[in-house]
Amino acid sequence: MAEPPSPPLKDNKFLKGVFAVGGIMSTLVIYGILQEKIMRVPYGANKDYFIYSLFLVFCNRITTSAVSAGVLLASKKALDPVAPLHKYCIVSVSNILTTTCQYEALKYVSFPVQTLAKCAKMIPVMIWGTIMMQKKYKGQDYFLAFLVTLGCSLFILYPAEGDTSPYSRERESTIWGVSLMMGYLGFDGFTSTFQDKLFKGYDMEIHTQIFYTTVCSCLLSFAGMIMQGNLLMAIDFVSRHHDCFFDIALLSTVATASQFFISYTIRTFGALTFATIMTTRQLVSILLSCLWFGHPLSWEQCVGAVIVFGALYARSFLNTIKKPLTLENTENRASSPPKANP
């Protein structure tokens, strides 16, 4: 008797996974290289540094909102919000704080340090998931999260002697950079978890959430620039440095593409799975940054990187060989009750 064909659901799940991983890696690796170039490499003969983080946020979000609105209109879908507007604003505020901390941290810590520290986003995602969605995680997951934290701490606390910030070389700058990274991780974990909660609580399109979230981000970042008095100075900078304008335009393009891949991944696989998918992307980004910008690594940083990626890959391997006990199954069981408004 011939074997029945494999269920199409499994094939679809595999293809969706390939699509999510490929999209996230390609867009965010390019995004990472560009953001380091903009924030840490001087422009022009006078070696001017671009320092206007909110302007980058504004450019990214206005591009994303325009594209998402175009997609909704082209597909003849209504622009009416599915969830209350204030919930989109919550995601927007958290997302702005996440991105601003990320750009500002690059003034004080190198991109490899920042990138490896992002691997620790598992921890705030688990904390926020427990608080907001009553998810339960296994002791194995907390232990691996501890190893990731240990490895990140080694990487941050023992930089190579030649890896200095172009803005400041004092120890206080490193402390400020680490504080900004902690803010980034906390806000980023909240953002992805709250997005996951919205998708599970409301039957909404990906583009609908992206549109309303980014429109709110545009308004907030624009207001922030006006209050800081940086809008005209940022415009003057990019008008004098056309290569900076090109970099920002390309950054906004790949940031827009990454937003769609990220929202798709969170909706399809959940916030913690999204955090795990980022592992290989982080490793590739670190290697490319070290080669491209000549970042030296101390032996302590190498040990920290091995601990971090070893723990993350071990988690993926354990989830594969112990499928009935995986965190993904735990996550699904925790979110299985009927949908209710978050």
Side-chain angles (χ1 to χ4, degrees), residues 24 28 31-32 35 39 52-61 64-65 83 85-109 111 113-133 135 145 148-149 152-153 156 175-199 209-210 212-225 227-228 251 255-256 258-259 261-263 265-267 270-278 281-282 285 342:
I24 288 175
L28 291 185
Y31 177 82
Q35 71 172 358
M39 297 303 297
Y52 311 105
S53 302
L54 272 181
F55 185 76
L56 291 181
V57 176
F58 175 74
C59 292
N60 291 350
R61 299 305 181 264
T64 305
S65 60
L85 288 176
H86 74 272
K87 296 191 174 180
Y88 293 114
C89 290
I90 291 173
V91 177
S92 176
V93 171
S94 178
N95 187 254
I96 285 180
L97 293 172
T98 299
T99 310
T100 302
C101 287
Q102 179 183 8
Y103 288 139
E104 288 295 315
L106 277 175
K107 297 178 181 179
Y108 307 101
V109 298
F111 180 74
V113 170
Q114 185 187 90
T115 302
L116 194 82
K118 289 179 184 179
C119 294
K121 69 168 57 181
M122 291 173 58
I123 301 166
V125 166
M126 291 168 69
I127 294 172
W128 285 119
T130 302
I131 294 173
M132 297 169 56
M133 303 180 71
K135 293 183 178 180
V148 170
T149 305
C152 290
S153 299
I156 293 172
I175 295 174
W176 181 234
V178 171
S179 300
L180 286 168
M181 284 307 304
M182 291 178 64
Y184 162 81
L185 290 171
F187 290 124
D188 186 61
F190 176 86
T191 301
S192 58
T193 304
F194 199 83
Q195 284 180 301
D196 194 9
K197 188 177 178 69
L198 284 180
F199 279 131
Q209 185 181 123
I210 292 176
Y212 281 99
T213 301
T214 52
V215 166
C216 291
S217 296
C218 286
L219 296 175
L220 292 172
S221 57
F222 184 80
M225 285 189 294
M227 293 174 64
Q228 293 177 352
L251 180 77
T256 298
S258 71
Q259 278 292 318
F261 283 115
I262 287 171
S263 293
T265 302
I266 291 173
R267 183 182 183 184
L272 189 57
T273 302
F274 159 69
T276 306
I277 289 176
M278 301 289 280
R281 171 254 164 176
Q282 310 287 23
S285 295

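Reckoned from all heavy atoms, side chains included, excluding hydrogens, waters and symmetry mates.
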Atom pair CD1 (I90) and SG (C216), whose distance is rounded to the nearest 0.5 Å: 10.5 Å

Reported CE-to-OG distance for the pair M225 and S53, which is rounded to 0.5 angstrom: 11.0 Å

If you measure from CD on Q195 to OG on S94, what distance do you get to the nearest 0.5 Å? 8.5 Å

In Å, rounded to the nearest 0.5 Å, how long is the span from OG of S217 to CZ of F58? 11.0 Å

Any side-chain heavy-atom pair of L54 and I96 under 4.5 Å: yes

Judged by modelled atom types alone, do T64 and T214 share a side-chain donor-acceptor pair under 3.5 Å? no

Run the side chain to side chain contact (heavy atoms under 4.5 Å, CB included) test against L97 and tell me which residues pass, sequence neighbours left out. V93, F187

Heavy-atom side-chain contact between Q35 and Q102 under 4.5 Å: yes

Apply side chain to side chain contact (heavy atoms under 4.5 Å, CB included) to residues N60 and T256 and explain how you reach the verdict. CA-CA 7 Å; N60 291 350; T256 298; over 6 Å; no

Side chains of V57 and Y103: does their closest heavy-atom pair fall under 4.5 Å? yes

Of all the heavy-atom pairs spanning P124 and G189, show the shortest one and how long it is. CB-CA, 4.3 Å

Whether the T213 and R61 side chains hold a donor-acceptor pair (N or O, under 3.5 Å, no angle test) is what I'd like checked. no

Relative to each other, are the rings of W128 and F190 parallel, tilted or perpendicular (30° and 60° limits)? perpendicular

Reported CD1-to-OG distance for the pair I210 and S65, which is rounded to 0.5 angstrom: 11.0 Å

Going by heavy atoms in the side chains, are M39 and L56 under 4.5 Å from each other? yes

Knowing that exactly one of V215, L219, L220, T191 qualifies, which makes a side chain to side chain contact (heavy atoms under 4.5 Å, CB included) with S92? L220

Nearest-0.5 Å distance, CD1 of residue I24 to CZ of residue F261: 8.5 Å

